[in-house]
Amino acid sequence: LISSIFAGTVAFAYGIFTGGSISSIRALGMILFYLLAQVLGESYDMLTAAGAMVIILLVTNPLYIINGSFLLSFGAVLSIWFIATPLNQSFMMFRKEQKNRWKLIKRNHGRMGEIAFKIINKLFDYIGGMLIFSFGINMGMFPLLVMLYHEVPTYSLILNILILPIMPLLLLFGLVGGIFGITVGVGVAYIILKPCHFLIIYMETI
């Protein structure tokens, strides 16, 4: 309960900081449902949480049903559940079977060769998983993007691979720098936030 209250407070503050958009409210609501499930000892169901947030948002404003942000936000959730996750699970099962077959083949690469082999395998799993997950979301969002914008991004799949992995790092440095800026001082915060500057330049350049 205590950790859920703390996490919920941080999530709520983050929702306010990001402007309280429809997608932020949707994400915040689903996180709070998840925390509530943890506290009550129940299983969390993404579709149930998303459905509850649809009802809550539409009760506050029925015209959200034709709002682009609303459609894209919940479209992304449905794409993750029905397309991206099953595709990713199939890929992981395929990779597991592939690794099991490779284990049956006797190898004599030495210790360093085995370590390099494991690193390459993990890297392949990570990049392949991200590619397939991103592809699944894009396929699910494709009809909505065509309907709303009459065009689709042709290279977003590659950009996601280059940008998504650094987002947690950017968020971590930003939060820590913000906390240090409030509590310790601007000088320390400046040092911590410096990596954010380069990460944002990297993203803008891409």
Side-chain angles (χ1 to χ4, degrees), residues 1 3-89 129-172 174-175 178 196 200 203-204 206:
L1 178 62
S3 59
S4 293
I5 291 171
F6 177 76
T9 303
V10 172
F12 186 79
Y14 181 74
I16 294 172
F17 293 155
T18 53
S21 64
I22 294 174
S23 56
S24 295
I25 294 169
R26 189 270 306 159
L28 174 61
M30 291 181 69
I31 288 169
L32 294 178
F33 274 114
Y34 171 78
L35 295 174
L36 181 63
Q38 296 294 307
V39 171
L40 297 177
E42 300 290 341
S43 297
Y44 171 75
D45 180 61
M46 193 200 309
L47 287 185
T48 303
M53 289 311 300
V54 167
I55 293 168
I56 291 168
L57 284 168
L58 289 180
V59 165
T60 59
N61 187 351
L63 289 177
Y64 279 153
I65 197 69
I66 57 172
N67 181 281
S69 179
F70 178 90
L71 294 172
L72 290 172
S73 184
F74 286 100
V77 173
L78 295 176
S79 300
I80 289 169
W81 182 266
F82 287 109
I83 303 174
T85 301
L87 281 176
N88 196 51
Q89 287 173 346
M130 283 199 66
L131 263 172
I132 289 170
F133 201 82
S134 182
F135 173 77
I137 294 175
N138 282 333
M139 288 302 97
M141 301 289 279
F142 187 84
L144 287 172
L145 291 171
V146 172
M147 181 185 74
L148 293 169
Y149 300 108
H150 311 292
E151 62 180 10
V152 287
T154 53
Y155 48 84
S156 62
L157 194 67
I158 305 300
L159 295 184
N160 283 340
I161 296 170
L162 297 172
I163 290 175
L164 288 178
I166 70 166
M167 289 301 291
L169 197 62
L170 182 64
L171 179 61
L172 175 65
L175 286 174
C196 292
I200 290 170
M203 292 166 67
E204 287 181 345
I206 289 173

Q: List the steps, then state whether side chain to side chain contact (heavy atoms under 4.5 Å, CB included) holds for Asn138 with Phe142.
A: CA-CA 6 Å; Asn138 282 333; Phe142 187 84; over 6 Å; no
Q: Phe133 pairs by side-chain contact (heavy atoms from CB on, under 4.5 Å) with which of Asn88, Leu87, Ile83?
A: Asn88
Q: At their closest point, which heavy atom of Ser69 faces which heavy atom of Ser23, and how far apart are they?
A: OG-N, 4.0 Å
Q: For Leu57, does its backbone N or O pair with a side-chain atom of Thr60 as donor and acceptor, under 3.5 Å?
A: yes
Q: Tell me whether the rings of Phe70 and Tyr64 are parallel (<30°), tilted (30 to 60°) or perpendicular (>60°).
A: parallel
Q: Within the supplied structure, the quantity of interest is the number of heavy atoms (other residues, nucleotides, ligands) at a distance under 6.0 Å from Tyr44 OH; does it exceed 12?
A: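 Check passes, neighbour count above 12.
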Q: Looking at side-chain heavy atoms only, is the closest gap between Phe135 and Leu131 below 4.5 Å?
A: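 Heavy-atom side-chain distance check fails, nothing below 4.5 Å.
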Q: Could you tell me if the side chain of Leu159 sits less than 4.5 Å from the side chain of Tyr155, heavy atoms only?
A: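 Answer yes - side chains close enough.
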Q: Can you find a pair of side-chain heavy atoms, one from Leu78 and one from Leu47, that are under 4.5 Å apart?
A: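 They are in contact (side-chain heavy atoms under 4.5 Å apart), so the answer is yes.
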Q: Would you mind reporting whether Tyr34 and Met46 have side-chain heavy atoms less than 4.5 Å apart?
A: no
Q: Could you grab the distance from atom CG of Leu1 to atom CG of Leu40, nearest 0.5 Å is fine?
A: 9.5 Å
Q: Let me confirm one number: the OG1-CZ distance from Thr48 to Phe33, rounded to the nearest 0.5 Å.
A: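 Answer for the OG1-CZ pair, Thr48 versus Phe33, is 9.5 Å.
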Q: Is Val77 close to Arg26 at the side-chain level, that is, under 4.5 Å between some pair of heavy atoms?
A: yes
Q: If you compare all heavy atoms of Val39 against all heavy atoms of Ser4, which two are closest, and at what distance to 0.1 Å?
A: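 That would be CG2-OG, 3.4 Å.
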Q: Enter the distance from Ser134:OG to Ile158:CD1 here, rounded to the nearest 0.5 Å.
A: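 Rounded to the nearest 0.5 Å, the OG-CD1 separation comes to 8.5 Å.
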Q: Measure across Gly174 and Cys196 and return the closest heavy-atom pair with its distance rounded to 0.1 Å.
A: N-SG, 3.6 Å
Q: Looking only at heavy atoms, which two atoms of Leu144 and Gly75 are closest? And how far apart?
A: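 Closest heavy-atom pair between Leu144 and Gly75: CD1-CA, 3.9 Å.
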Q: Got a second to check how far Leu35's CG is from Met30's CE, nearest 0.5 Å?
A: 12.0 Å
Q: Please tell me whether Thr18 and Ser24 have a donor and an acceptor in their side chains that are separated by less than 3.5 angstrom.
A: yes
Q: Is the closest side-chain heavy-atom distance between Ser79 and Met139 below 4.5 Å?
A: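 Not in contact.
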Q: Considering non-hydrogen atoms only, spot the tightest contact between Leu71 and Met147 and give its length.
A: CD1-CE, 3.8 Å
Q: Would you indicate whether Met203, at its atom CE, is surrounded by more than 12 heavy atoms from other residues, nucleotides or ligands within a distance under 6.0 Å?
A: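 Yes, the 6.0 Å shell around CE holds more than 12 heavy atoms from other groups.
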Q: Is the closest side-chain heavy-atom distance between Glu151 and Leu145 below 4.5 Å?
A: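 Answer no - side chains too far apart.
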Q: Once you round to the nearest 0.5 Å, how far does CG of Asn61 lie from CD1 of Ile56?
A: 14.5 Å
Q: So do Leu175 and Phe17 actually touch side chain to side chain, heavy atoms under 4.5 Å?
A: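 Sidechains of Leu175 and Phe17: no contact.
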Q: Keeping the roles fixed (side chain from Thr9, backbone from Ile5), state whether a donor-acceptor pair exists under 3.5 Å.
A: yes
Q: Could you grab the distance from atom CG of Leu148 to atom CG of Leu72, nearest 0.5 Å is fine?
A: 5.5 Å
Q: Taking all atoms of both residues into account, what is the closest heavy-atom pair of Ala76 and Met141, and its distance?
A: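 Nearest heavy atoms, Ala76 then Met141: N-SD, 3.4 Å.
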